[in-house]
Amino acid sequence: MLYIGVDLGTSAVKLLLMDGEGKIQNIVSKEYPLYFPHPGWSEQKPEDWYEQTMAGIKELIADADKSQIAGISFGGQMHGLVILDKDDNVIRPAILWNDGRTTEECDYLNNVIGKDKLSEYTANISFTGFTAPKVLWVKNKEPENFEKIEKIMLPKDYIAYKLSGVHCTDVSDASGMLLFDVKNRTWSKEMCEICGVKESQLAKIFESYETVGTVLPQIAAELGIPESCKVVAGAGDNAAAAVGTGTVGDGMCNISLGTSGTIFISSDKFGVDQNNALHAFAHADGHYHLMGCMLSAASCNKWWMDDIVRTKDYAAEQKDITKLGENHVFFLPYLMGERSPHNNPNARGTFIGMTMDTSREDMTQAVLEGVAFALRDSLEVARSLGIDIKRTKICGGGAKSPLWKKMIANIMDLEVDVIESEEGPALGGAMLAAVANGEFASVEDAAAKIVKVVDTVKPEAELVAKYEEKYQQFKEIYPACKPLYDIITK
């Protein structure tokens with residue numbers, strides 16, 4: 001049988017076709033626009049997601065035996081607010097994960113309701129990107145739209161609804177809404193009350209590998225696939241990427257260098273760090289995970305290359321960078337504010353340390369190192385909890401860079417396992433669809449049989465020591481700049 005994985009990203013939807021043994025048959029990508037109507041705002045039209053997903057599926061399966069397509073599942077950008085009216089029409093453009101408009105609402109949730117209560121109810125505190133503060137923002141700033149809300153959904157779940165007719169979500173994606181009781185894997189009645197939301201306005205909750213329904217007859221006809229094709233709940237992009245990289249089971253780690261950057265640690269047990277610097281979420285394997293998320297990772301390099309240096313030849317810009325651990329320039333990668341571990345929407349991208357002999361290569365190196373240093377910040381929180389991580393998988397667009405992988409290995413002092421397929425969320429989605437169809441006994445079984453490590457980048461003692469000194473310097477820059485960020489963003 002054949003399975004479709006849909007990775008609904010921020011810049012494009014990536015679609016992957018996988019057979020029952022885990023072999024990738026085809027990959028297609030379709031872009032859609034991103035809108036910034038005001039500084040710090042970030043929106044997309046859910047209709048664009050659906051249109052491009054359908055176009056992508058048609059292209060993906062054009063040469064396949066369509067009668068063999070047995071399941072579709074998802075990985076998707078998390079936290080985005082999609083609101084539907086009583087006729088299931090989209091009320092307003094989706095407010096995305098990297099949108100920073102909800103500062104007042106987050107202050108209310110964290111400081112008036114209180115971080116302790118939020119952590120008790122949801123295992124997390126409020127961040128500007130999360131869904132609940134966005135709901136409050138609509139309630140406060142667009143009351144006419146708030147009154148129309150019949151359903152509150154997440155991005156990938158809107159696509160699942162369009163394909164199946166079922167208002168659904170999964171535990172991993174729901175974990176990032178601040179409306180979900182992560183420990184008990186159910187909606188939080190307290191948070192619904194705080195946000196003025198009825199539980200009936202929220203989607204039905206599934207485990208990531210569970211079937212929510214089958215494709216609607218009109219969808220089956222349009223795509224030429226069987227009406228028996230299962231629509232499977234799927235997972236938030238990071239949990240789906242973790243499945244696709246085999247980061248399931250206890251004590252496994254994955255680093256994702258995508259638009260955002262994450263460090264993802266899977267665990268059999270539920271746990272929360274004292275300062276809520278890391279997110280405590282439900283995992284797609286039926287257990288839990290801790291995650292540090294920075295808002296700008298590979299997007300920092302894209303911004304630097306495309307908009308500042310004005311080149312698309314990323315490899316050429318990196319080939320002359322050889323003096324690792326010796327750069328005198330530092331870059332704070334907070335182009336969209338920052339989440340883990342600082343939780344500061346006012347943080348900004350910052351270069352420091354330039355001199356008259358600073359070169360273009362030094363600046364490029366600083367951007368790549370800055371992202372790695374910022375990921376190390378989250379790793380240090382995990383280490384403070386007694387979690388001993390020695391190695392990690394890696395995925396995302398940035399993982400294609402040998403230089404960046406070497407930096408990650410030495411800045412974080414981890415063995416970095418490179419896997420055969422770096423498709424992350426799309427592959428994870430297809431794997432979840434296969435599990436739902438009984439191809440594999442469990443998510444862990446699927447990962448063990450499908451995910452293959454093909455290379456390992458090992459840290460080098462001398463370089464680890466150099467980068468340790470640089471990291472200790474990097475750590476001092478954000479606290480020094482923090483008061484300035486509050487001034488310049490007023």
Side-chain angles (χ1 to χ4, degrees), residues 6-13 32-37 41-54 72-102 105 127-139 141-180 187 191-192 195-206 212-213 216 231 233-237 240 425 429:
V6 179
D7 173 17
L8 191 77
T10 312
S11 56
V13 60
Y32 32 67
L34 186 59
Y35 301 97
F36 304 103
W41 290 26
S42 181
E43 297 183 350
Q44 280 176 330
K45 294 178 180 176
E47 299 89 343
D48 291 343
W49 299 333
Y50 174 65
E51 185 181 309
Q52 293 306 313
T53 298
M54 289 295 284
I72 300 174
S73 192
F74 313 88
Q77 50 167 300
M78 296 177 68
H79 315 301
L81 176 66
V82 180
I83 48 177
L84 308 182
D85 65 17
K86 59 183 174 53
D87 299 315
D88 284 332
N89 294 318
V90 175
I91 294 170
R92 67 165 335 279
I95 306 174
L96 302 190
W97 61 274
N98 56 357
D99 185 287
R101 77 184 71 182
T102 60
E105 288 74 20
F127 294 80
T128 53
F130 277 20
T131 318
K134 295 184 175 88
V135 173
L136 283 177
W137 184 90
V138 174
K139 185 180 179 184
K141 304 294 196 299
E142 297 179 351
E144 70 287 354
N145 284 335
F146 187 80
E147 289 302 316
K148 294 178 193 170
I149 296 176
E150 192 72 18
K151 277 287 182 260
I152 293 168
M153 301 199 76
L154 294 163
K156 78 171 190 338
D157 301 329
Y158 175 74
I159 305 300
Y161 156 71
K162 292 289 283 184
L163 297 181
S164 68
V166 179
H167 298 104
C168 58
T169 191
D170 84 285
V171 293
S172 70
D173 216 356
S175 294
M177 293 180 76
L178 208 69
L179 292 167
F180 188 69
W187 294 120
M191 287 307 300
C192 286
C195 296
V197 170
K198 302 187 196 81
E199 203 168 318
S200 62
Q201 291 174 299
L202 299 170
K204 185 179 178 185
I205 302 162
F206 293 85
V212 306
L216 294 165
V231 178
D237 52 4

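As the structure is a prediction and not an experimental result, all values here were calculated from the model. All values below come from the heavy atoms of this structure, side chains included, with hydrogens, waters and symmetry mates left out.
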Please round to the nearest 0.5 Å and tell me the distance separating atom [atom1] of [X] and atom [atom2] of [Y].
| X | Y | atom1 | atom2 | value |
| --- | --- | --- | --- | --- |
| Y158 | I83 | OH | CD1 | 12.5 Å |
| E142 | I95 | CD | CD1 | 6.5 Å |
| D85 | I149 | CG | CD1 | 10.5 Å |

Check: [Y] main-chain N/O paired with [X] side-chain donor or acceptor under 3.5 Å:
| X | Y | answer |
| --- | --- | --- |
| S73 | G234 | yes |
| E150 | D87 | no |
| Q52 | V13 | no |
| K151 | S200 | yes |
| W187 | A203 | yes |
| T102 | T128 | yes |

Please find the pair of heavy atoms, one from [X] and one from [Y], that lie closest to each other, and give the distance.
| X | Y | result |
| --- | --- | --- |
| P93 | P46 | CA-CD, 4.5 Å |
| F36 | S42 | CE2-OG, 3.9 Å |
| G236 | S172 | N-OG, 3.0 Å |
| V212 | V166 | O-CG2, 3.6 Å |

**Residues S11, L34; criterion side chain to side chain contact (heavy atoms under 4.5 Å, CB included); working and verdict** = CA-CA 7 Å; S11 56; L34 186 59; over 6 Å; no
**Message:** What verdict does the side chain to side chain contact (heavy atoms under 4.5 Å, CB included) test give for Q44 and Q77, after you've listed the backbone C-alpha separation in whole Å, the side-chain angles of each residue and the deciding distance to 0.1 Å?
**Reply:** CA-CA 12 Å; Q44 280 176 330; Q77 50 167 300; 3.1 Å; yes
[Y] side chain reached by [X] side chain, heavy atoms, under 4.5 Å:
| X | Y | value |
| --- | --- | --- |
| L202 | F180 | no |
| I91 | L84 | no |
| L163 | L216 | no |
| L96 | W41 | no |
| P155 | W49 | yes |

**Request:** Applying side chain to side chain contact (heavy atoms under 4.5 Å, CB included) between T131 and each of L154, L178, V82, report the one that passes.
**Result:**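 Going through the options one by one, the only one that passes is L154.
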**Message:** Just to verify, which of D170, D157, T53, I159 counts as forming a side chain to side chain contact (heavy atoms under 4.5 Å, CB included) with F74?
**Reply:**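 One option only clears the test, and that one is I159.
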**Prompt:** What is the ring orientation for H79 with F130, classed by angle as parallel under 30°, tilted 30 to 60°, or perpendicular over 60°?
**Reply:**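 Aromatic pair H79/F130 classed parallel.
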**Request:** Please work out which of the three classes, parallel, tilted or perpendicular, describes the rings of H167 and Y161, given edges at 30° and 60°.
**Result:**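 Parallel.
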**Message:** Can you tell me if K198 has over 12 outside heavy atoms packed within less than 6.0 Å of its NZ?
**Reply:**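 Not more than 12 within 6.0 Å, no.
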Quick test of your reading of the model: are [X] and [Y] salt-bridged, counting only N-O distances below 4.0 Å?
| X | Y | value |
| --- | --- | --- |
| E105 | K139 | no |
| K134 | D99 | no |
| E43 | R101 | yes |

**Request:** Please step through side chain to side chain contact (heavy atoms under 4.5 Å, CB included) for the pair K45 and Y32, ending with a clear verdict.
**Result:** CA-CA 9 Å; K45 294 178 180 176; Y32 32 67; over 6 Å; no
**Request:** Quick one: do I152 and M177 satisfy side chain to side chain contact (heavy atoms under 4.5 Å, CB included)? Show the steps, please.
**Result:** CA-CA 10 Å; I152 293 168; M177 293 180 76; 4.0 Å; yes
**Item:** From CA spacing to verdict: salt bridge (Lys or Arg N to Asp or Glu O under 4.0 Å), K156, D237
**Value:** CA-CA 9 Å; K156 78 171 190 338; D237 52 4; over 6 Å; no
